[in-house]
Protein chains: 2
Amino acid sequence: MKISKTLTDIVYLKIRDDIVHAVLKPGSKLKIEPLRKRYDIGSSPIREALSRLCSDGFVAIKGQQGFSVVEMTKSDLIDVTNTRILIENEALKLSIINGNDDWESSVVAAFHRLSKIEHSSADDNNQDLEKYNKIFHDSLVSACNSNTLLKFYNVLYDQHKRYRNLAREANHIKRNLHAEHADIYEAALAKDVKAVCQANENHIRKTEEVVLNFEKDEWL
Amino acid sequence: MKISKTLTDIVYLKIRDDIVHAVLKPGSKLKIEPLRKRYDIGSSPIREALSRLCSDGFVAIKGQQGFSVVEMTKSDLIDVTNTRILIENEALKLSIINGNDDWESSVVAAFHRLSKIEHSSADDNNQDLEKYNKIFHDSLVSACNSNTLLKFYNVLYDQHKRYRNLAREANHIKRNLHAEHADIYEAALAKDVKAVCQANENHIRKTEEVVLNFEKDEWL
DNA sequence: TGTGAATTAATTTGATATAATACTTATCAT
DNA sequence: ATGATAAGTATTATATCAAATTAATTCACA
C-alpha cells in the first residue's frame, strides 16, 4: 500500500499553523478565492480543511456567510487557560500513575533535548524551541491512556499557543522558561502528582498573566 | 438579512444523529455515493459534514481511503465516561458558583418538564425523553461561563449517548432514571457542589456498568 | 432612508483524475 | 500437477477541480 497525504491534510496543517502564528489574523474573513491562490489548490480541499478547523475551534462558520478566524479575546484567553489546566493536569496525573520505564526515559530524553535548545542563544531557534517544547509536553502526557484527553490537549495546546506567541513578541517580563520546565520535570520524575499539577499550572498561567496586562495597543 | 441553513449544516446533524443512534454502524465505511443517495445531495456537503464529524470524534478518516464511523469499544467507553465526568463535573461546579436566579429557575423548569415525561408511560416517548433529558442537563451546566467546556460537554454527551442507546435496548438492570435526575437536581438547588458531582458521576457510570457487563452477543 | 439592480462571494453540483481494491492470469518452486 | 506468490488489469471509490447556482453585499438612485 502506498502512503499518500491528501491535499486536504496538507492545507489543514498549513492553515492551522497560519492561524496559530497569526499570519491569518483573528477575526479576519477566510474567503475561498484568496485561499485558493495562496495555497494553490481548488476550493474543495480548502473547504474541507476549514470544516475540520471549525470543530477544532480555530475557525468560525456562519451559514451562507463563509468562514472566519475565531477572535482572540481576554475572556477566551481565560477560558482556554482554565480548561487547558483542567485537561492537561488530568492527563499528567494519569500519565504518572500509568507511566512505565519507557515513559520515564522518553520524558528524560525530551527534557534533555529541550534544555539544549533553551541554553543555546541562537537567534533563529524559535522554530526548534516550539518543536521541542511540544515534544516535551507530549512526552509528559503520553502515558495517560486516554485518546479523548489527548485530543482535547492538542487542540487547547495550539489555541493557547496563539496567546503565547503574542506574549513572546511583547516580551515584557523576563521569563525563565527553562526553570519552569525543570519544575515540571523534577516533579514528574518524582511521581509527585500534586507538585506536577502545580508546576504545570504556574507554567500555563504565566502567559495569561502577561497577556491580560497588555496595554490596548499591544492587543490585536 | 435572510436566515438560511446550508445543506452541509443539515446533513451534518442528520449524519451525527444517525451515528449516535447506530443507524450508521460503528466501524462501517461511509462511502460517498451511498450517502449521496441516502440524503439526496451532492458530494461536497457530505464531505464537509464528514470533515467536521472527524474533528468531533464521530468519524475517522484515513488518507485516500475515505471515511468511516468510529468503532465502539470497551476501552473507548471507559475513556468517554471518565472524560465526560471530568468535563461535566467541572461545568456543574462553575455553574453552581456563577448561577444566578435565572439559571436556578431554568433548572427548575427543565426538571419539571423532564419529570412529567418520565412519569408518563407512553411507549413512543423515547424521542421526547431524549430531548428533555438533554435540556435538563444543558440547563444545569448553562451558567458555567466557558464555551470550551460546553463544546467538549456537547461532544462527549453524544459520544456517551451511543453507549446509552445500547444499554437502553438491552435493559437488564431496572434503572430509576427519575431518581438519578432528582439526586442531581436536589443537590444543584442546594448549591452543594460535592453532592452534585457525586450524583452526576453515579448517573453517568450506570451506563458504563451495564454495558461493560454485556455478554458478547449483546455487544455490537 | 429605502429600493432594486449589479457585484461579489458562498455553496453546491457534476465531471475528471488519481489512488486503492478486487480480480485474473502468469510464473515459479516443490 | 499443485499451491503459492507475483504482476498486471479491471473495477471501484476517493479526492480534486471547474462550472453553475444561489445567497449576501454593495452601490446607485429615488
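These values consider heavy atoms only, across backbone and side chains, with no hydrogens, waters or symmetry-generated copies. Every chain is numbered from 1 and lettered A, B, ... according to where its sequence line falls, protein lines coming before strand lines.
Partners of B:Lys93 according to the side chain to side chain contact (heavy atoms under 4.5 Å, CB included) rule, which considers only residues two or more places apart in sequence or in another chain, are B:Glu90, B:Ile97, B:Val193.
Distance B:Ile41 CD1 to C:dT11 P: 14 Å, rounded to the nearest Å. When rounded to the nearest whole Å, the span between CG of A:Leu50 and C1' of C:dT11 equals 13 Å. Protein atom CZ of A:Arg36 is 14 Å distant from nucleotide atom C1' of C:dT11, rounded to whole Å. Residue B:Leu35 contributes atom CG, which lies 12 Å from atom C1' of D:dA13 at whole-angstrom precision. Between the C1' atom of D:dT14 and the CD1 atom of B:Ile32 lies a distance of 8 Å, rounded to the nearest Å. We find that CZ of A:Phe67 is positioned 15 Å from P of D:dA24, with the value rounded to whole Å. For the pair B:Ile46 CD1 and C:dT13 C1', the computed distance is 12 Å after rounding to whole Å. Taking atom NZ of A:Lys37 as the reference point, atom C1' of D:dC17 lies 16 Å away to the nearest angstrom.
One finds a side-chain N or O of A:Lys29 lying less than 4.0 angstrom from the OP1 or OP2 phosphate oxygen of C:dA10. Regarding contacts with the backbone of C:dT11, a side-chain N or O of A:Arg47 is found under 4.0 angstrom from either OP1 or OP2. Within the structure, every side-chain polar atom (N or O) of A:Ser43 is placed at least 4.0 Å from both OP1 and OP2 of C:dA10. Distances shown here put every side-chain N or O of A:Thr6 at or beyond 4.0 Å from the OP1 or OP2 atom of D:dT14.
A:Val23 has its side chain within reach of A:Arg38: a pair of non-hydrogen atoms, C-beta onward, lies under 4.5 Å apart. Between B:Lys161 and B:Asp158 the shortest side-chain heavy-atom distance falls below 4.5 Å. Residues B:Asp138 and B:Tyr153 meet the side-chain proximity criterion, which asks for heavy atoms closer than 4.5 Å. Counting heavy atoms from C-beta outward, B:Thr207 and B:Arg175 have side chains that approach closer than 4.5 Å.
Residue A:Ile61 places its side chain closer to C:dT11 than to any other of C:dT11, D:dT16, D:dA15. If you check D:dA15, C:dT12, C:dA10 against the side chain of B:Pro45, the one that comes closest is C:dT12. Among the nucleotides D:dA24, C:dT12, C:dA9, the one closest to any side-chain atom of A:Lys31 is C:dA9. Between D:dA24, D:dT14, D:dA15, one nucleotide has an atom nearer to the side chain of A:Gln65 than all others, and that is D:dA24. Of the candidate nucleotides D:dC17, C:dT12, C:dT13, C:dT13 has the atom nearest to the side chain of B:Ser44.
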Decide salt bridge (Lys or Arg N to Asp or Glu O under 4.0 Å) for B:Arg84 and B:Glu88; before the verdict, give the C-alpha distance in whole Å, the side-chain angles of both, and the deciding distance to 0.1 Å.
CA-CA 6 Å; B:Arg84 186 181 161 201; B:Glu88 202 164 314; 2.7 Å; yes

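Rotation axes derived from the C1' atoms of the five outermost pairs at either end of the helix from C:dT1-D:dA30 to C:dT30-D:dA1 lie 10° apart, to the nearest 10°.
Using cut-offs of 30° and 60° for the angle between ring planes, the A:Phe136 and A:Tyr185 rings count as tilted.
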